Asks: 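First the structure, then my questions, so here it is.
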Amino acid sequence: MAQPLVKKDDDRDDEAEYSPFLGIEKGSVLQEARVFNDPQLDARKCSQVITKLLYLLNQGETFTKVEATEVFFAVTKLFQSKDMGLRRMVYLIIKEISPSADEVIIVTSSLMKDMNSKIDMYRANAIRVLCRITDGTLLAQIERYLKQAIVDKNPVVASAALISGIHLLQTNPEIVKRWSNEVQEAVQSRAALVQFHALALLHQIRQNDRLAVSKLVTSLTRGSIRSPLAQCLLIRYTSQVIRESGNNTQSGERPFYDYLESCLRHKSEMVIFEAARAITELNSVTSRELTPAITVLQLFLSSSKPVLRFAAVRTLNKVAMTHPMAVTNCNIDMESLISDQNRSIATLAITTLLKTGNESSVDRLMKQITNFMSDIADEFKIVVVEAIRSLCLKFPLKYRSLMNFLSNILREEGGFDYKKAIVDSIVILIRDIPDAKEAGLLHLCEFIEDCEFTYLSTQILHFLGIEGPKTSDPSKYIRYVYNRVHLENAVVRASAVSTLAKFGAVVDALKPRIFVLLRRCLFDSDDEVRDRATLYLNTLGDDGSVVETDKDVKDFLFGPFDIPLVNLETSLKNYDPSEEAFDIKSVPKEVKSQPLAEKKATGKKPTGLGAPPIGPASTADAYERMLSAIPECANFGKLFKSSAPVELTEAETEYAVNVVKHIFDRHVVFQYNCTNTIPEQLLEDVIVIVDASEADEFSEVFSKPLRSLPYDSPGQTFLAFEKPEGVPTVGKFSNVLKFIVKVVDPTNGEIEDDGVEDEYQLEDLEVVAADYVLKVGVSNFRNAWESLGPDCERVDEYGLGPRESLSEAVYTVINLLGLQPCEGTEEVPPNSRSHTCLLSGVFIGNVKVLVRLSFGLDGSKDVAMKLAVRSEDETVSDAIHEIVASG
Amino acid sequence: MVSYSSCPSIKNILLLDSEGKRVAVKYFSDEWPTNTSKIAFEKFVFSKTVKTNARTEAEITLLDDNIIIYKFVQDLHFFVTGGDDENEIVLASVLQGFFDAVTLLLRNNVDKREALENLDLILLCLDEIVDGGMILETNGPLIAEKVTSHSMDADSPLSEQTLTQAWATAREHLTRTLLK
C-alpha cells in the first residue's frame, strides 16, 4: 500500500515544518521548466513544475521580465498536450504571468481554438483567460464567440462569458453594449449564478440610463429572480431607483417598498438581510416602514451564526443614529450580546445601547460596560469611549457617573490613541457641561501625575492653563502643575512653566507665589524652560509690586497664534538682521493654497464652488506689483484682496476675457485679462465699457485701455471704481469689449492699415460681499472665539428652504460668506441630521471675523441655520448677517 | 480591481497557516499594491483574529474599513475580505464555498500539509470562486467539481509511475468518486 510508505517518508523529514516546497528556489524551478520543451511531454511532471512556479509567485516571488517571457513561451508549448489537468494549470499560469501585448499574440490562436472546443471546461476557461489578457483589437475578432457563449447551454461557459463582459465593459464599453440582447436572455437562465452575472452585466450596461434601469427593476421585481445573489443585486438596484425617484414620500406609498418588504420573507438569509438593510437606508424612512425590517434584524440578533449577529447589530447601530426609538425594541437582545464571544459584536451592541438608552438606564449600562472594558482591544475601547461621550452630552445630568467611568478607565492600561480618546472626551465634557468642569479638571490633573505620553501631558497642561484660573479655587491646581516641573522631560516642563504663568496672569492673589515658582525654573537644565520662565517673569512684571495684569499681557498669554507657521518660517528666513526689529505683523496671514489649484484657476473657468477663492501669495505679490506700476492706483492704499479670475466669455470663443477683482479700502479695480484667439486679427485700443447702472454706489475713476492685442499673447486692461470706505458694497456690472480690428495676413504677418471698430458682448460681473472677506484660518477656533468675547456677537436664525442635502447647504453658505472653514468642519458626516461649521476670516478694514454655523435638517429637506458671528466690530458682525440675509 | 458599482466584490481570499504564513492567497483589489503591503495585511489580520475561536462557525470582524470573515480548521486559517459596505452574509457564503470545496478536495484531511501537497487544487479552487473580484461560484461541491472535472492521464501503466504518482492518481480517482 502506498499510504504507509508516504507516512514513513515524512517521518524522516523535518517533522515540525514539513512542506513539499521545502528549500524551493526560483533558479532551479526555472531550470526545471525546461521540461515544457520536451518533445515527449510528461503531463504530470509539467503540472508539478507549474504548481511550483505558481507557489513561488504566490509567496511573493517576482520574475524578471526575461524570466517571465521565457516561462510564458515555454508554457505556450504545453497547448500540444491533451491532458486536461495540465491545460487547467496552463490557463492559470498564463493569467498569473499576464504576458505583455506583443506576447499575447502567441497564445491567441490556441485559446481561440479552445474557445470553440467541445469540452465545456475548455470553453469556459479559454474565454476567461483570453478576456483577461486581450486588448481591444482582438476583442472584435472574438466578439461573435463571446455572444454565443453568453447564451451557452452550459452555465459555467455562460458565466465565464458574462463575467468577462463585466470586466471588458470597463475598457471596451461600446463592444460589450452590443451584447444587450444575449445578456437579457441570460437573465432568464435557470442557472442561479448565470442569472446573477447576467443581471450584474445588464445593469452595468444600462446604469447611466435612469429610465432603462427603472424599467429593468419594474419588470424584474414582478418576475421571478431565483438566485439569491441576483435577488440581492435587484434589491440594490431597486433602492437606487427609489433614491433617484426623488422625495414624493408625502404622497402616500413609496414605490417598490412592497417589493423590498416581500424580500424580508425570502428563504435566503442574504436576501432578507439585504432587503432589511435597504429599508433602513431609505431616505427619510418612516417608523412604519422601518418596523418589519427591524423585526427580522432582531431575529438575527439571536442567531447562532456570528456573521448574522454582526450584520444585524451593525445595521441596527446605524439605524440608532437616526431613529433611536425604532431600535429600543431590540434592547433586551442587545444587552445579552454584551457578553458575546465576538468582541466586534459586543462593542457594536454596547454602542447601540448607548445611543438608544434613556437617562434611567445609564447607570445600569455603565456597570455592565465596566466589566466588559477590561477584555477588549484598544480600538473597540475607543469606539465605546466616543459613544459614552455623546451619551454624556445627551444626558448632561448624568455627567457624574459617566465622568467617573472615564476617569477610571483613564487610570487603566492602554495605548496612546485610547488615552487620547478619553482625554479628548473629558475635555469636551468640561467644555460643554459647566458642572463637570471642576471634577474633570481634577481627573486630568491626576492623570498627568502618572502619564507616559508627552503629547497628552502638554495638551492637558495647556488646557489647565486656560480653564484652571477660572475655577473657584485655582490654587489647588498649582501643585499638580508645579510637580511637572520637577518630574518630567523638558517639553512637559516648558509647558508647565507656561501654565503657571497663565495662573499668575489671571489670578492676582496667586501672583507672588507663582513668581517664586517661576524663579526656581530659571535654573532649569533646559534652555527652553529657562527662556520661558524669564519671559513670563518679565511680562508679568516681576518687580515686587503686585499690579493687575494688563490686557496686552493677557492677549500675549492667551491669544491664539493666528499666523500660519509656514508663512512665519518664510518671513523669518527672509528677515535681514538689521536695526529694525522683526515685526510679526508683517507676516502674511493668508493661508497658501496649493499651486495645483492655481493652475486650475488661471487655466480654465473656476468650476463653481470648487474654485479656489484666493490665489496663492505669489500671485498676490504679482498683482500688487502690477497695480503699483499703474500711477492712478498709487494712492489707493494697500491691496486688501484679489479675487480668482472670473471668466466673462465661454470657452473657445474668438476672444477670451476673464477678470480679476482687486479690492482696496475705498476702491475696486477690475483687471480684464484678454486673449485674442484669431490669427488673422490684430486688436487695438482694447477697452471694456462698463455699465454700472446696477451698481450705483460705485463711480468710475479711470480706465486704462490696452494699446494692442496681437494673436495669442494675453494683455490687460484696467478699470477702477471708487466706493464707500470699508463697507462691502455690492453691485452688478455689464461689460462690453470695444476695440479696433485690423486684418493680419497670417502667412507673412503683414497688417492692413485700416481698422474697423467693433464690439463684443461679455458676461456680467458681480462684486459680492465675499469679495471683501479674506480667508484666514485660526489654529484653535474655541480660543479665538472666546477671546473675541460676546460683546460684538450677533446671532440670528435663518430658514434655507429645501436643499438637496445638508452638505450642499453648508457648502453654499461657506461659499457665500467666503470665509475659511476651520478644524475640518466643512465636511458633513453622511446621514447626519445636524451639523456645526466653524469659519474664520478677515473682513475689509482688517477686522477679524469668526462665524459659528449650526445647521439642522427637519423632516422634509428644509434646512434651518443658526448663524452666530463674533468680530472686533459690531458693524462687521451685522454685515455678515446682511450677506446671509440677502444671499 | 475596478469598482463594479453596486455589485458585491471580494477584495481578497487568504489561506494562512497557524503562524500566519501564506499557504495560498489571492488578491483582487489593488488596495495592497506590493508584496510587503500584502504581507503586512495578512499579519495584521492574523494577529487580530488568532485568539478567537472560529472553529465551529465562521467568525467576523471589521478591521480598517474591511469586513473580514474567517474560519479555522486544524492548522489552516481561511479568510475572505470585502469592503465595509458589503453584505456580510454574501461574503460569508464565499468563505463557506471556499471552505467546503477545499474540504472536499482534500477529502476531509484539511490541514496545511495536505493543502500544500495539493496546492494545484487549492489554486484552481481560488480561480473558480472569484474572478477579478466578482463572485463566480459559491457552492462548495460545484467548485470542487469544476476543479476536478478533468481526467488525469490514468491510462499509463502503473509500472511507469513512481509510488507517489500512483498514490496521487488513486487519490484523484477517490476524489471523483466522492464527488459523484
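First the proteins, then the strands, lettered A, B, ... as listed; each starts at 1. No experiment lies behind these values; they were computed from the predicted model shown.
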Asks: Under 4.5 Å heavy-atom distance to chain B, tell me which part of A:Phe196 shows up: side chain, backbone, both or neither.
Replies: side chain

Asks: How far apart are the closest heavy atoms of A:Phe273 and B:Asn87, and which atoms are they?
Replies: CD2-OD1, 3.3 Å

Asks: At what distance, to the nearest 0.5 angstrom, does OG of A:Ser159 lie from CD of B:Glu137?
Replies: 7.5 Å

Asks: Over all heavy atoms of both residues, which pair between B:Glu88 and A:Ala311 is shortest? Give the atoms and the distance, please.
Replies: OE1-CB, 3.5 Å

Asks: Nearest 0.5 Å please: distance from the OG1 atom of B:Thr56 over to the NZ atom of A:Lys305.
Replies: 12.5 Å

Asks: Which atoms of A:Arg87 come close to chain B, meaning under 4.5 Å heavy atom to heavy atom: side chain ones, backbone ones, both, or neither?
Replies: neither

Asks: Tell me, do A:Met89 and B:Leu124 make a side-chain contact under 4.5 Å, heavy atoms counted?
Replies: yes

Asks: Can you tell which part of A:Leu308 gets under 4.5 Å to a heavy atom of chain B, answering side chain, backbone, both or neither?
Replies: side chain

Asks: Heavy-atom distances under 4.5 Å only: say whether A:Val156 touches chain B with side chain, backbone, both or neither.
Replies: side chain

Asks: Below 4.5 Å from any heavy atom of chain A, which atoms of B:Ala92 appear? Answer side chain, backbone, both or neither.
Replies: side chain

Asks: At a heavy-atom separation under 4.5 Å, does A:Ser304 approach chain B through its side chain, its backbone, both, or neither?
Replies: both

Asks: Quick check for you: to the nearest 0.5 Å, what is the distance between A:Thr347 atom OG1 and B:Leu62 atom CG?
Replies: 10.5 Å

Asks: If the test is side-chain contact (heavy atoms from CB on, under 4.5 Å), which one of A:Leu162, A:Leu201, A:Ile166 qualifies with B:Met134?
Replies: A:Ile166

Asks: Does A:Asn58 reach the main-chain N or O of B:Val25 with its side chain, forming a donor-acceptor pair under 3.5 Å?
Replies: yes

Asks: Under the criterion side chain to side chain contact (heavy atoms under 4.5 Å, CB included), I'd like the reasoning laid out for B:Val90 against A:Leu229: C-alpha separation, chi angles, the key distance, then a yes or no.
Replies: CA-CA 8 Å; B:Val90 171; A:Leu229 275 171; 3.7 Å; yes

Asks: Between A:Arg277, A:Glu274, A:Glu269, which shows the greatest number of heavy-atom pairs under 4.5 Å with chain B?
Replies: A:Arg277

Asks: Is it the backbone or the side chain of A:Tyr55 that comes under 4.5 Å from a heavy atom of chain B, or both, or neither?
Replies: both

Asks: Salt bridge between B:Glu86 and A:Arg236, side-chain N to carboxylate O under 4.0 Å?
Replies: yes

Asks: For A:Tyr122, which atoms come within 4.5 Å of any heavy atom of chain B: side chain, backbone, both, or neither?
Replies: neither

Asks: So, A:His167 side chain and B:Asp131 main chain: donor-acceptor pair closer than 3.5 Å or not?
Replies: yes

Asks: Heavy-atom pairs under 4.5 Å with chain A: which of B:Thr52, B:Ile69, B:Leu136, B:Asn35 has the most?
Replies: B:Leu136

Asks: Non-hydrogen atoms of chain B under 4.5 Å away: do they reach the side chain of A:Asn125, the backbone, both or neither?
Replies: side chain

Asks: Which one of A:Ile345, A:Ile163, A:Ile50 has the most heavy-atom pairs closer than 4.5 Å to chain B?
Replies: A:Ile163

Asks: Do A:Pro20 and B:Leu119 come within less than 4.5 Å of each other through their side chains, counting heavy atoms only?
Replies: no

Asks: So does A:Arg88 pair up with B:Asp120, basic N to acidic O under 4.0 Å?
Replies: no

Asks: Could you tell me whether the side chain of A:Asn342 and the main chain of B:Ile60 form a donor-acceptor pair under 3.5 Å?
Replies: yes

Asks: Using 0.5 Å steps for rounding, measure from the SG atom of A:Cys232 to the CD1 atom of B:Ile89.
Replies: 8.0 Å

Asks: Main chain of B:Asp127, side chain of A:Arg128: is a donor-acceptor contact present, judged purely on distance under 3.5 Å?
Replies: yes

Asks: Counting heavy-atom pairs under 4.5 Å with chain B, which one of A:His197, A:Gln341, A:Arg314 comes out on top?
Replies: A:Arg314

Asks: Which atom pair, heavy atoms only, marks the closest approach of B:Glu57 to A:Pro306?
Replies: CB-CD, 3.6 Å

Asks: Pick from B:Glu128, B:Lys26, B:Lys38: which one has the most heavy-atom pairs with chain A under 4.5 Å?
Replies: B:Glu128

Asks: Heavy-atom cut-off 4.5 Å, strictly under: side chain, backbone, both or neither for B:Asp75 against chain A?
Replies: neither

Asks: How long is the span from the CD atom in B:Glu145 to the CE atom in A:Met121, to the nearest 0.5 Å?
Replies: 12.0 Å

Asks: Say you draw a straight line from CZ of A:Phe310 to CD1 of B:Ile67; how long is it, rounded to the nearest 0.5 Å?
Replies: 5.5 Å

Asks: Please classify the contact of A:Lys95 with chain B as side chain, backbone, both or neither, using a heavy-atom distance under 4.5 Å.
Replies: side chain

